[in-house]
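Below: the structure, in structure tokens.
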2 protein chains.
Amino acid sequence: MQAADTRPKRATQPRPAALPRRAEPDARRQSLIEAAMRVLARAGANGASVRAIAQEAGVSPGLVGHYFTGIDALIAETYTHVDAMVTRALDAAVAAAPPLPRARLEAFVTASFTAPIAQPALLATWIAFWSLVTSQPQIARQHDEQYAGYRARLEGLLREAGVAEADLRHAAIAVTALVDGLWLELCLSPQCFSSEEAGAIARRFLGTVCGGVA
Amino acid sequence: MQAADTRPKRATQPRPAALPRRAEPDARRQSLIEAAMRVLARAGANGASVRAIAQEAGVSPGLVGHYFTGIDALIAETYTHVDAMVTRALDAAVAAAPPLPRARLEAFVTASFTAPIAQPALLATWIAFWSLVTSQPQIARQHDEQYAGYRARLEGLLREAGVAEADLRHAAIAVTALVDGLWLELCLSPQCFSSEEAGAIARRFLGTVCGGVA
DNA sequence: CGCCTTATTGAACGATCGTACAACAATCAT
DNA sequence: ATGATTGTTGTACGATCGTTCAATAAGGCG
């Protein structure tokens with residue numbers, strides 16, 4: 001597997017201004033993680049090498065080893081960063097919704113299919129992370145924790161919406177699976193169905209889960 | 001060199017008997033694809049190199065280039081092979097079900113969470129394939145076709161089960177997404193919920209899609 | 001200013017990657 | 001048997017991989 005052609009040089013995200021030659025450690029870490037995001041979006045999971053990321057960040061390859069124990073740790077932290085960004089976007093969507101339990105729930109799932117969450121450029125980050133889950137127990141644990149957090153947030157919204165406590169776990173698993181499946185297919189072949197259709201399908205499912213009439 | 005080192009190391013799947021030195025071309029192709037499956041299951045997407053696959057198949061690395069245009073083509077054909085195996089297992093489950101539309105439909109989704117489909121060892125094949133979808137248009141086309149085939153089969157079962165023609169497309173997309181999401185999470189963290197739970201969740205969803213009460 | 005800490009460099013290392021290719025060997029037609 | 005065909009080998013090549021590490025440079029502090 002070799003790096004794919006990246007000729008078009010499509011501007012996925014503008015590169016931020018270069019950091020001072022000697023930067024604040026936290027800022028440098030962050031800039032490396034954001035560079036990894038851009039490389040993953042542009043070149044895919046197979047193209048996200050130490051050298052490519054360092055070049056994207058405008059630093060020497062050796063610096064990666066100074067901030068991360070290895071490329072896998074950088075990928076894992078990039079996943080954490082993207083996951084936090086997704087969580088923030090979802091929380092913002094919920095907060096912006098009318099203060100009705102059902103509306104908040106619908107805002108949660110609808111936001112999953114709109115920018116900045118559902119963009120094919122983010123898929124490579126998940127793929128790169130998933131490919132580490134099987135072989136690295138620590139990565140598997142991280143995945144479990146972040147997914148558990150996602151489901152816990154969803155369980156809270158479902159509880160507000162009146163889902164019985166006994167059904168909460170299965171309902172959260174079901175909604176999570178449906179949203180993830182729609183999200184994945186939306187990223188893999190965006191022309192198969194639209195974000196609006198995905199949102200409509202998911203909201204309709206919420207109607208059956210909450211048992212209530214719309 | 002390392003010709004003597006053919007002792008069984010880790011038996012994920014038993015390696016089939018070695019082919020004769022000069023094998024039937026179709027058989028050799030097939031053996032390379034099956035070797036790729038075993039390597040993907042054992043070493044993950046990042047470990048599925050030409051050399052590892054050739055060694056697993058008991059042939060020289062150069063032979064891969066004789067049967068496939070490159071490692072990406074071998075991965076793509078491996079995906080095709082696994083997809084065909086899944087399709088066969090699903091069709092067999094449907095055929096073995098009672099000849100009632102709803103039972104056939106339930107058999108279809110239930111089989112998605114039992115061997116030989118839902119095993120974490122298969123996840124690496126999907127991951128390796130997905131990582132090629134973004135960068136290679138031909139792979140993207142192949143993905144679209146195989147997913148369309150899956151949904152078409154599901155649409156047929158849903159039609160038999162009485163789903164209105166106007167709802168068929170969205171229903172198939174929804175069931176596919178739910179099953180895929182459950183399947184993915186089941187492979188990524190098998191301890192989070194069980195295959196039986198996944199089946200129960202999916203069957204319950206079918207009840208709401210078909211409109212009928214269970 | 002000189003000293004100390006440390007962020008950063010850039011090259012080098014060994015390993016592995018995918019692919020190409022000449023040589024070898026096995027089968028088949030004649 | 002002989003030649004043609006082709007499956008198969010093994011190696012070599014250039015590229016790239018992740019990581020290491022001595023050298024360098026940039027600030028903080030006396």
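Predicted model only: the values in this text are computed from it and were never measured.
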**Request:** Please name all residues satisfying side chain to side chain donor-acceptor pair (under 3.5 Å) with A/Q138, sequence neighbours left out, ordered by chain then number.
**Result:** none
**Request:** Starting from P on C/dC17, measure out to CD1 on A/I71 and report it in whole angstrom.
**Result:** 17 Å
**Rounded distance in Å - CD1 (A/I53) to C1' (D/dT16)** = 14 Å
**Prompt:** Relative to the ring of A/F205, is the ring of B/F205 parallel (under 30°), tilted (30 to 60°) or perpendicular (over 60°)?
**Reply:** perpendicular
**Item:** Closest non-hydrogen atom pair, B/S112 against B/A118
**Value:** O-CB, 3.4 Å
**Message:** What is the separation between atom CZ on A/R29 and atom P on C/dT8, rounded to the nearest whole Å?
**Reply:** 12 Å
**Message:** Measure CG/A/D26 against C1'/C/dA7 and give the value in whole Å, please.
**Reply:** 13 Å
**Asked** CZ of A/R28 versus P of C/dT6: gap in Å, rounded?
**Response** 17 Å
**Item:** Stepwise salt bridge (charged side-chain N to carboxylate O under 4.0 Å, His left out) test for B/E155 and B/R169
**Value:** CA-CA 7 Å; B/E155 280 189 15; B/R169 178 164 173 271; over 6 Å; no
**Item:** Contact under 4.0 Å: A/S49 side-chain N or O vs D/dT16 OP1/OP2
**Value:** no
**Prompt:** For the pair made of CZ in B/R51 and C1' in C/dG18, what is the distance, rounded to whole Å?
**Reply:** 7 Å
**Prompt:** Near DNA chain C, under 4.0 Å by heavy atom, which residues of residues 59-69 of chain B?
**Reply:** B/G62
**Message:** Checking B/T176 against A/E185: is there a side-chain donor and acceptor pair closer than 3.5 Å?
**Reply:** no
**Prompt:** What integer distance in Å separates A/Q55:CD from C/dG10:P?
**Reply:** 12 Å
**Item:** A/E24 CD to C/dT6 P, straight-line distance once rounded to whole Å
**Value:** 14 Å
**Pair B/W126 + B/Y79: ring centers closer than 6.0 Å** = yes
